[in-house]
Each structure stands twice: as structure tokens, then as C-alpha cells.
Amino acid sequence: MQQASAADEPAAATPLIRFEGVELGYGRKRVLSGLSFTLYAGDYLGIVGPNGVGKTTLLKAVLGVLRPQAGRVTRAPGRGGGTLTFGYVPQLQTIDEIYPLTALDVVLMGRYRRVGLFRRPGKTDHARSLAALEQVGLADSATLLFRDLSGGQRQRVLMARALAADPDILVLDEPTNGMDPAAERATMDLIDRLHRESGLTVLVVSHLLNVVIAHVSHIAFLGASDFAVLPVAEATTPEHLSRLYGIPIAVGQVNGRRVATW
Ligand SMILES: Nc1ncnc2c1ncn2[C@@H]1O[C@H](COP(=O)(O)OP(=O)(O)OP(=O)(O)O)[C@@H](O)[C@H]1O
Ligand SMILES: [Mg+2]
């Protein structure tokens, strides 16, 4: 895929989303500029950057809810020739915790785009939603109240909601925020598995360098002077990371996973 790694990639990678010289902002406020990259079908791409740099803003442009102030974002058709569909796992879950929704209710929301807002979900929607809960290891929790679940379990329910839409691309904004190490590991391992076993295209943004480099195949650093998607091995040399962050950074392996220390 991605620009710098043609040799490693399947010959006929299908571009799903292409950013060309994109500038993003709000009103007169410019947040990001000079963004050019392509997301290909089957990619597992991580975008890392500090708080406030514009990671969520970039995702809004990927999802099509924020129009570029300059440049162009193009999207391929989705499977079956329709619109490209996204399974979006937002940074802050905004579901009302007072209202007593079950885990299954929350996952069914992922079907609304297919069902239509004012129609009742049917058997297929229930079946797909239960299957999505099973995919994230929560088959037994369908009838539990969302508000009673742990943070890690809620994140899994939100991932199930994203999967229930049968998306072309799974988009995750800071998927491990506020998690303890075990929950963080389980969440990222689940994303790995969805990518590996279902061939799902995954785009994940995070400010947590180690969470991302231990899992993705390609990475880009938002806020760097030369934003570019690179294979993770190439982008995570001590020299590159030290230059990027302005402090000495070493890179090693722990339990077979890439880890940066500083
Ligand atoms: N709706 C908005 N209107 C105006 N400015 C906004 C809006 N949303 C975000 N911003 C600004 O855009 C910049 C980037 O915000 P964004 O949320 O994309 O950063 P982020 O990298 O996702 O941060 P974090 O790591 O904290 O999630 C910030 O300065 C933020 O204040
Ligand atoms: Mg954000």
C-alpha cells in the first residue's frame, strides 16, 4: 500500500479513501494542512499525535462530516456499489447513562442506518447485533444494562455497534482511553483479530504511541512536518521517533511486540 511500501503490499490494493492536499479547520481556525494519504482496503493504519493536534478532526473528514477547507477527499464505493460504510467507535461515548439501554439496544443502534430511524429493527438486525456482541466476546451480556458495564466492556459494546453496521472500514478514536493495561491489551487484541480474521480495514487514532506501534502495520504521525503513511517498522526506528518527539527514544520488543521507551 501506502506510498512507501509498495514492495510489501498486494499488487492490486484497492484505494478506499484518498486525501489530496487537504486542509481542515473550523471557521477561520486552521487545524491541519497538507494532508495527503491513501487508505487501502485491508489496511491496518494507526495515526498518532499529541492531544489537540487534530486526530478527531481528521476522522471527521474521513467520515465525511467535516468538509475540507481546501484539497480533496475522495471515497471509493462500498461493497455492493453503495456508499462506503464506516463503523465508528467515538472517542467519548455519548450514550445517556441514565436511560436504561441494554448492551443489545446499544448495538442495534449500529443497524439504524440500514433500518431507518423510525422503523423497528427486524430479525436480521437482532441476529446481526447478537453476532456482533459475540464477535467482541460479550454474547452473554446482551441483556445487561450498558450503564452497569465496566469501561472496557462498554468499549466492546461500542465496537459491536460499529461492527453491526457491517462496515467497509472500522474507525476507532482513542479506543483504549481510560483502560487498565489488561483491558487495553484485550481491546487492541480484539481489533487485531477483526483485522486479521475478517480482513476488515482498520483506521485507529490515538495519542498513545505504544498502543499503536504494538499493533498496526502502518503508521502516520499527525503534527509532524512531513505527514506520511509508513510501514510501522520503518517509522519506528529510534532515530525517527527521537527526531519526531525531540527526546531520546529507544525501541525494543516485549512479548513479541514493539515497544518504545523514553
Ligand atoms: N467544533 C469545533 N469548533 C472549533 N474548534 C474545534 C472544534 N472541534 C475541535 N476543535 C479544535 O481543533 C483542534 C483539534 O481538535 P481535535 O479534537 O481534533 O484534537 P485531537 O487530536 O483529537 O485531541 P485529543 O487527543 O485531545 O482527542 C483543537 O484545537 C480543538 O480545540
Ligand atoms: Mg480526539
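We count ligands from 1, going down the list as the structure has it; atoms in each ligand are counted the same way.
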Q: Compare Gln91, Lys55, Lys29 and give the one whose heavy atom is closest to atom 27 (O) of ligand 1.
A: Gln91

Q: Heavy-atom distances under 4.0 Å are what count here, so tell me which part of Lys60 touches ligand 1: side chain, backbone, both or neither.
A: side chain

Q: When you measure from the centre of the six-membered ring of Phe37, is the NZ or CZ of Arg18 under 6.0 Å away and within 45° of the axis?
A: no

Q: Give, for atom OG1 of Thr85 and atom CZ of Arg75, the distance between the pair rounded to the nearest 0.5 Å.
A: 12.0 Å

Q: Below 4.0 angstrom from a heavy atom of Thr57, which ligand 1 atoms are there? Numbered from 1 as shown, please.
A: 14 (C), 15 (O), 16 (P), 18 (O)

Q: Between Asp189 and Arg185 (salt bridge meaning N to carboxylate O under 4.0 Å), is one present in this structure?
A: yes

Q: Side chains of Ile191 and Tyr44, heavy atoms from C-beta outward: is any pair under 4.5 Å?
A: yes

Q: Would you mind checking which non-hydrogen protein atom is closest to atom 14 (C) of ligand 1, with the distance to 0.1 Å?
A: Gly52 O, 3.3 Å

Q: Heavy-atom distances under 4.0 Å decide this one: backbone, side chain, both or neither, for Val31 against ligand 1?
A: side chain

Q: Give me the ring orientation class for Tyr245 and Trp262: parallel if the planes are under 30° apart, tilted from 30 to 60°, perpendicular past 60°.
A: parallel

Q: Quick test: of every protein heavy atom, which one is nearest to atom 26 (O) of ligand 1, and how far off is it to 0.1 Å?
A: Asn51 ND2, 3.4 Å

Q: As an exercise, identify every atom of ligand 1 less than 4.0 angstrom from a heavy atom of Gly54.
A: 14 (C), 16 (P), 18 (O), 19 (O), 20 (P), 21 (O)

Q: Can you name the atoms of ligand 1, numbered from 1 with element, that are less than 4.0 Å from a heavy atom of Pro50?
A: 21 (O)

Q: Identify which one of Val205, Thr57, Val48, Ile47 satisfies the side chain to side chain contact (heavy atoms under 4.5 Å, CB included) criterion when paired with Leu222.
A: Ile47

Q: Show me which atoms of ligand 1 lie under 4.0 Å from any heavy atom of Glu174.
A: 25 (O)

Q: Salt bridge check, Asp173 against Lys55: does any charged N sit closer than 4.0 Å to a carboxylate O?
A: no

Q: Assess Gln91: does it contribute an N, O or S atom lying under 2.8 Å from the Mg ion (ligand 2)?
A: yes

Q: If the cut-off is 2.8 Å, does any N/O/S atom of Thr56 fall short of it from the Mg ion (ligand 2)?
A: yes

Q: Return yes if a side-chain donor-acceptor contact under 3.5 Å exists between Lys60 and Tyr26, otherwise no.
A: yes

Q: Knowing that exactly one of Thr187, Val171, Leu163, Leu170 qualifies, which makes a side chain to side chain contact (heavy atoms under 4.5 Å, CB included) with Val89?
A: Leu170

Q: Which residue supplies the protein heavy atom nearest to atom 10 (N) of ligand 1, what is that atom called, and how far is it?
A: Tyr26 CE1, 3.3 Å

Q: Nearest non-hydrogen contact with atom 17 (O) of ligand 1 belongs to which option: Val48, Thr56, Leu222?
A: Thr56

